[in-house]
Amino acid sequence: VTRVTFAAGSSGDWLIESISAVRGEELPRARHLQRLEGEAFASSAQAVWLLNGVRSHERYVHRDERERLVAVQPPLERATADRAALIPIRKSTAWWALAQDERRGVFEAESRHISIGLEYLPAVARRLYHCRDLGEPFDFLTWFEYAEADTAAFDELVGRLRATREWDFVEREVEIRLRRV
Ligand code: HEM
């Protein structure tokens, strides 16, 4: 399994432009962020904070949706993508108490997460990491990369998703906006 550590501190490829608590507790300020993917979690004595996650299988995507995603989704680390966002999210116990089919119902039938998201591809590249079972403070670490010119589109995307019923189940969310050093 591919592991990731997001390390915030005084060095890293990404300059932290802002850290804002959308819901719940804030994360401490830092200057830089590094996304470290590998076989092991990274550790750093200098880091202000570290968040760990793993890449995992898809829970909700149907085959036709996957085909639509694969047809348009861009890779990470495009030279043109000089902006990024790390958005760690924790969902409520009410969410985790739902059955799988109920969660899928909220996620797509009610909230149209995939349909909305698809409108912003290929401008936005994304990667989802899971961390609920790692004893971490969040359930998900969501990562996005885009060009500066697509900042307003990305702002609109997060605004639309936050207005959905899925977000009624979000109890902690921090938005970290980044610029490539
Ligand atoms: C760029 C457009 C986006 C697309 C195409 C997209 C697509 C998806 C897809 C397909 C999944 C389901 C993965 C699975 O089957 O397990 C997912 C999950 C998720 N996405 Fe997005 N997404 C987008 C943007 C966002 C944004 C901006 C946020 C945060 C503000 C976000 C937060 C999440 C979270 C937290 C999950 C996990 C939900 C759960 O398992 O309960 N997504 N996304």
Side-chain angles (χ1 to χ4, degrees), residues 1-2 4 6 17-24 27 33 35 51-78 80-81 83-134 136-178:
V1 32
T2 301
V4 71
F6 287 95
E17 294 194 310
S18 64
I19 302 184
S20 31
V22 180
R23 201 167 294 175
L27 278 170
L33 185 84
R35 182 177 65 94
L51 292 172
N52 291 326
V54 293
R55 293 186 67 176
S56 186
H57 63 274
E58 290 167 341
R59 268 70 169 171
Y60 302 113
V61 178
H62 290 175
R63 175 179 292 265
D64 59 314
E65 294 162 342
R66 181 187 298 165
E67 281 165 6
R68 274 185 279 149
L69 286 162
V70 166
V72 287
Q73 66 192 11
L76 295 182
E77 296 178 16
R78 288 169 296 174
T80 49
R83 295 292 185 278
L86 169 64
I87 306 183
I89 286 175
R90 188 174 70 229
K91 285 184 169 175
S92 63
T93 48
W95 172 262
W96 296 107
L98 295 175
Q100 177 70 19
D101 62 330
E102 295 174 306
R103 289 197 293 264
R104 160 74 201 191
V106 173
F107 178 81
E108 190 58 26
E110 288 190 67
S111 303
R112 324 239 3 112
H113 186 126
I114 299 170
S115 311
I116 292 172
L118 271 165
E119 293 178 37
Y120 298 86
L121 270 47
V124 180
R126 51 177 275 273
R127 184 154 293 169
L128 175 64
Y129 300 99
H130 286 255
C131 41
R132 176 168 172 78
D133 298 325
L134 300 177
E136 287 281 308
F138 296 94
D139 295 333
F140 310 99
L141 305 174
T142 66
W143 175 254
F144 307 95
E145 296 177 1
Y146 50 92
E148 181 184 13
D150 293 314
T151 303
F154 186 76
D155 292 346
E156 180 187 272
L157 166 64
V158 295
R160 286 175 71 186
L161 289 175
R162 286 181 186 139
T164 64
R165 189 157 118 75
E166 185 191 354
W167 253 255
D168 290 348
F169 296 92
V170 171
E171 64 173 26
R172 188 177 179 198
E173 178 176 6
V174 181
E175 182 174 307
I176 301 148
R177 293 293 190 112
L178 307 149

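Throughout, numbering of the chain's residues begins at 1 and tracks the sequence. Source: prediction; values computed, not measured. When a ligand or atom number is given, it counts from 1 through the structure's own listing order.
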Ion pair Glu145/Arg127, N-O distance below 4.0 Å: no
Qualifying residue for side chain to side chain contact (heavy atoms under 4.5 Å, CB included) with Ile116, from Arg160, Glu156, Glu108: Arg160
Leu69 heavy atom under 4.0 Å from ligand 1: yes
Selection from Phe154, Tyr129, Phe107 by shortest heavy-atom distance to atom 17 (C) of ligand 1: Phe107
Where ligand 1 meets Ile87 - atom numbers and elements under 4.0 angstrom, heavy-atom basis: 30 (C)
Electrostatic pair Arg23-Glu173, nearest N-O below 4.0 angstrom: no
Atom 29 (C) of ligand 1: nearest protein contact (heavy atom, Å): Trp167 CZ2, 3.8 Å
Side-chain donor or acceptor of Arg162 paired with backbone N/O of Trp167 under 3.5 Å: no
Minimum non-hydrogen distance to atom 38 (C) of ligand 1, winning option of Arg59, Arg66, Lys91: Lys91
Identity and distance of the protein heavy atom lying nearest atom 15 (O) of ligand 1: Tyr60 N, 2.7 Å
Under 3.5 Å donor-acceptor, Ser92 side chain and Glu171 backbone: no
Backbone of Ala97 reached by a side-chain donor or acceptor of Glu102 within 3.5 Å: no
Trp95-Asp139 side chain donor-acceptor pair, cut-off 3.5 Å: no
Nearest heavy atoms of Val158 and Ile87, plus distance in Å: CG1-CD1, 4.0 Å
Those atoms of ligand 1 less than 4.0 Å from some heavy atom in Trp95: 41 (O)
Taking atom 34 (C) of ligand 1 as the reference point, the nearest protein heavy atom with its distance: Thr142 CG2, 3.8 Å
Options Arg132, His130, His113, ranked by nearest heavy atom to atom 20 (N) of ligand 1, top entry: His113
Check: Arg66 side chain, Val61 main-chain N or O, donor-acceptor pair, under 3.5 Å: no
Trp96 and Phe140 aromatic ring geometry - parallel, tilted or perpendicular at 30°/60° bounds: parallel
Per-atom contacts, ligand 1 versus Gly117 - under 4.0 Å to a heavy atom: 2 (C), 3 (C), 4 (C), 5 (C)
Which residue and heavy atom of the protein sit nearest atom 8 (C) of ligand 1, plus the separation: Arg126 NH2, 3.2 Å
Closest protein heavy atom to atom 36 (C) of ligand 1, given as residue, atom name and distance to 0.1 Å: Leu128 CD1, 3.8 Å
Heavy atom of the protein closest to atom 28 (C) of ligand 1 (residue, atom name, distance): Phe144 CZ, 3.4 Å
For Leu121, the ligand 1 atoms whose distance to one of its heavy atoms is below 4.0 Å: 1 (C), 2 (C), 5 (C)
Sub-4.0 Å heavy-atom approach of Tyr120 to ligand 1: no
Heavy-atom closest contact (Trp143 atom, Arg35 atom, distance): NE1-NE, 3.5 Å
Ring-ring centroid check Phe6 Tyr129, cutoff 6.0 Å: yes
Nearest-neighbour protein heavy atom for atom 10 (C) of ligand 1, which is reported as residue plus atom name and distance: Val61 CG2, 3.5 Å
For Phe140, the ligand 1 atoms whose distance to one of its heavy atoms is below 4.0 Å: 35 (C), 37 (C), 38 (C), 39 (C), 40 (O), 41 (O)
Tyr146 to ligand 1, any heavy atom closer than 4.0 Å: no
Atoms in ligand 1 flagged as close to Val124, the criterion being non-hydrogen separation under 4.0 Å: 1 (C)
Under-4.0 Å heavy-atom contact with ligand 1, by part of Asp139 that carries it: neither
